[in-house]
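Each chain gets a letter, A, B and so on, in the order its sequence line appears, and its residues count up from 1.
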Amino acid sequence: MTDAVVRFAPSPTGYLHLGSARTGLYNYIYARQHGGTLILRIEDTDPSRSTDEAIAQILSSLKEMGIDWDEGPGVPGPHGPYRQTERADIYREYVDRLLASGHLYPCFCTAEELEAERQAAQAEKRNWVYSGKCRRLGADEVERRRAAGEPRTLRFKVPPGKTVFDDMIREPVEVDNDLIGDFIVQRSDGTIVYNLAVVVDDVTMDVTHVIRGDDHISNTPKQILIYEALGAPVPKFLHMPLLFGTDRKKLSKRHGATKLEQLTAQGLLVEVVRSYLCFLSTEFDESMITWTLEDLTRDFDVERLSPSPSIFDPDKLRWMNGRFIRQMGDEKLGERLVAYLTRVGFYGDPAAVEKAAAEGPQALAAAVESAETAHQPATAPTAEQAKLTKVVAPLVREKVDVLADFIPMAGFFFRPLAFTDEARQRLAGTDGAAATLARAAAGLRAVEPWSVESIEALVRGLPARLELKPKAVFAALRLGMSGQSVTPGLFESLWALGRDEAAARLEQAATLAG
RNA sequence: GCCCCCAUCGUCUAGCGGCCUAGGACACCGGCCUUUCAAGCCGGCAGCACGGAUUCGAAUUCCGUUGGGGGCACCA
């Protein structure tokens, strides 16, 4: 099959929600896998809730994930335009067609009347469907009320019977048409209602496969009825499970992150988020963590998605990210760290960002987000900072899950030595700290060559010489070098600091300990 | 209230009538390794929502129930 046409149709009422991102991804994968076409359509029929800024944001999120489209904003094609607000003429034409074929009828019921009907149904604990009152209006009465200028909507005549449709990952769904009730397709102000707009769009865009969230399942019968009224072929449907938080509620801000940018601000890598989103609701093994977009389009089968809800598990994402980082090359990791640290403002004020990061990646991401919405430019690293980051990168690879973990772990490389009260106490409580620090500093000043190996030899010889336990020596040096008790490897860290800096720090700490 | 979807460890899942005293992964717990913290390796805890039915045999099929979710708009 080479003629699959799929579409991704976000509504630009805000940023791209992770759930939508996933829908976009699956559409992309499906299109690429089947040599088909991906159309990006903007569902902005509600202009009051849609903004150009939101559109721009959504496009940029998609691009960040590597998703591109064959037709849509910025990519003209035979099925344009791609914003619903620009398609009013097309809708009008189809409304006329349906009107002419007798599938639509005018309804003069007011919102108040309908509300009253609804209330009555509610009171009797009946399911409410529109009574079809106006469907039975005589032609002359319709003409009279129309001439009198009464506002009217257009309703779709739902035929009797059942509507059945298949789903690529679910059991077939069957709905009794009586339960649907004649629904409005055109508002009294002449604008078109969603269900009609989608179908007209999908029909005119030759869409063959509709991949969307399962919250659309209950709309589907209505839409199928419209396809049938239009005499258009019904596409295949795939309703994917919704993305939930750990409390089994739709993923929302309470769960921490709802958009890609928040995740990346925490130091998650886009490609890992992408894999996670894909493999959630499927079985995967570790080797798939590093799958590229190309791998996904070749080997990922959208149809093996499980239909049950997907719960977003931040722990698993972190773990995947850690695995990914561990297999990255030095250079790659260094580059990603530089880019990330730049974004979070680390190079402008390391100490401040370190402080923010101390509360965890989420808090840091929140700070980053507010800085970004305020359009504060990030400070680029100096050549020295960039170089240092790349030198330190390999030292932290085994110890970080997300890039943000770099900051509390290795921030000390980038600013003057500082001690918290706790660190001071710890240093004071370490046996022979002053002697260890002084001795090590002197040793470092003289050791040749300046290499990890010779530093290791020097340090390892210290416990015997000072008649101290190895643990005490290591603890004193670690603390003296960084002010922290958790750091990357000691020898490597001393080496990365450089001879003068390392020795100077230990000397400074020695006076403190003494 | 009505309609629809979903249902295996806390979470993501394997399983598609016998290979299941239900397998893997995250998380959690313990051990090993070790200069800290991790990583890595090894081990452990933990599940077929419930009740009927079909069958020689059911996690797997059918029917109920329960639970969770979604929808019932002149929202998308």
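The P atoms of B/C3 and B/U61 are separated by 24 Å, rounded to the nearest whole Å. Across B/A73 and B/U66, the matching C1' atoms stand 31 Å from one another, rounded to whole Å. The separation of B/A38 from B/C32, taken at their C1' atoms, amounts to 15 Å, rounded to a whole angstrom. For the C1' atoms, the distance linking B/C48 with B/A58 amounts to 11 Å, nearest Å. Taking atom C1' in both B/U13 and B/U8, the straight-line distance is 9 Å, to the nearest Å. Between B/U65 and B/A7, the distance separating the two C1' atoms is 13 Å to the nearest Å. Spacing of P atoms, B/A22 relative to B/G1, comes out at 39 Å, to the nearest Å. Across B/C37 and B/G31, the matching P atoms stand 13 Å from one another, rounded to whole Å.
Side-chain N/O atoms of A/K249 include one lying less than 4.0 angstrom from OP1 or OP2 on B/G69. Considering only side-chain N and O atoms, A/R460 lies under 4.0 angstrom from the phosphate OP1 or OP2 of B/U35. Between A/R397 and B/A39, a side-chain N or O to OP1/OP2 separation shorter than 4.0 Å is absent.
No more than 12 heavy atoms of other residues, nucleotides or ligands sit less than 6.0 Å from atom NZ of A/K355. More than 12 heavy atoms of other residues, nucleotides or ligands lie within 6.0 Å of CD in A/E115, so this atom counts as buried by the packing criterion.
A salt bridge links A/D405 with A/R318; the closest basic N to acidic carboxylate O contact falls under 4.0 Å. Classification of A/D202 and A/R41 as a salt-bridged pair holds, one side-chain N sitting under 4.0 Å from a carboxylate O. A salt bridge does not link A/R146 to A/E150: none of the charged side-chain nitrogens sits closer than 4.0 Å to a carboxylate oxygen. A/D52 has a carboxylate O that lies under 4.0 Å from a charged side-chain N of A/R83, or vice versa, which qualifies the two as a salt bridge.
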Please enumerate all protein N or O atoms sitting under 3.5 Å from an N or O of nucleotides 40-48 of chain B, with distances to 0.1 Å.
from	atom 1	to	atom 2	distance (Å)
B/G40	OP1	A/R323	NH1	2.5

Could you list, one pair per line, each protein nitrogen or oxygen that sits under 3.5 Å from a nitrogen or oxygen of nucleotides 11-15 of chain B, together with the distance?
from	atom 1	to	atom 2	distance (Å)
B/C12	O3'	A/S281	N	3.2
B/U13	OP1	A/S281	N	3.2
B/U13	OP1	A/S281	OG	2.9

Tabulated below should be each protein N or O lying under 3.5 Å from an N or O of nucleotides 3-5 of chain B; please produce it.
from	atom 1	to	atom 2	distance (Å)
B/C5	O2'	A/R170	NH1	2.5

Protein-to-nucleotide contact annotation, 5' to 3' order, nucleotides 59-66 of chain B [B base; S sugar-phosphate only; - none; under 4.0 Å, heavy atom]
--------
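Across B/U36, B/A76, B/C74, the shortest atom-to-atom separation from the side chain of A/R478 is found for B/U36.
Taking both residues in full, the closest heavy atoms of A/I169 and A/H239 are given as CD1-O, 3.4 Å, listed atom of the first, atom of the second, then distance.
Taking a pair to require two hydrogen-bonding distances under 3.5 Å in either a Watson-Crick or a G-U wobble arrangement, B/C41 pairs with B/G31. Across all strands shown, nothing is found opposite B/U21 as a Watson-Crick or G-U wobble partner with both distances under 3.5 Å. Pairing of B/A49, defined by two Watson-Crick or G-U wobble distances under 3.5 Å, is identified with B/U65. With a cut-off of 3.5 Å on both pairing distances, the Watson-Crick or G-U wobble partner of B/G1 is B/C72.
Place A/L114 and A/L317 on RNA chain B by their nearest nucleotides, and A/L317 ends up nearer the 5' end.
Between the side chain of A/N219 and the base of B/A76 there is at least one donor-acceptor pair of N/O atoms closer than 3.5 Å.
Residues A/V199 and A/I224 form no side-chain contact, since every pair of their non-hydrogen atoms from C-beta on lies 4.5 Å or further apart. Annotation: side chain of A/V273 is not in contact with side chain of A/M320 (no heavy-atom distance under 4.5 Å). When side chains are defined from C-beta on, A/C278 counts as touching A/Y26, because their heavy atoms get closer than 4.5 Å.
Between the P atom of B/U35 and the CG atom of A/L494 lies a distance of 15 Å, rounded to the nearest Å. In this structure, A/N195 places its CG atom 11 Å from P of B/C74, rounding to the nearest Å. Atoms CD (A/E150) and C1' (B/C74) sit 16 Å apart, rounded to a whole Å. Note: CG (A/D182) to P (B/C74) measures 12 Å, nearest angstrom. Across the protein-nucleic acid pair, A/E112 atom CD and B/C74 atom P stand 12 Å apart, rounded to whole Å. Atom CD1 in A/I455 sits about 17 Å away from atom P in B/U35, given to the nearest Å. Look at CG on A/L196: it is 17 Å from P on B/A73, rounded to the nearest Å. Look at CZ on A/F244: it is 9 Å from C1' on B/C6, rounded to the nearest Å.
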For A/V402 and A/Y340, run side-chain contact (heavy atoms from CB on, under 4.5 Å): C-alpha distance rounded to whole Å, both residues' side-chain angles, the deciding distance at 0.1 Å, then the answer.
CA-CA 10 Å; A/V402 294; A/Y340 175 74; over 6 Å; no
Applying side-chain contact (heavy atoms from CB on, under 4.5 Å) to A/F8 and A/S20, what does each step give before you reach the verdict?
CA-CA 9 Å; A/F8 175 52; A/S20 303; 4.2 Å; yes
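Within the nucleic acid shown, A/G213 has no heavy atom closer than 4.0 Å to any nucleic acid atom. Residue contacts for A/S485: at a heavy-atom cut-off of 4.0 Å it reaches a base atom on one of the strands shown. Among the heavy atoms of the strands, none lies under 4.0 Å from A/H239.
Take A/F312 and apply the ring-ring contact (aromatic ring centres under 6.0 Å, His included) test, not counting sequence neighbours, and it matches A/Y276. Shown here are the ring-ring contact (aromatic ring centres under 6.0 Å, His included) partners of A/F183, two or more places apart in sequence or in another chain: A/F156.
Residues A/S451 and A/S454 bring a donor and an acceptor atom of their side chains to less than 3.5 Å of each other.
Screening A/I192, A/V200, A/D44 against A/Q84 for a side-chain contact (heavy atoms from CB on, under 4.5 Å) leaves a single residue, A/D44.
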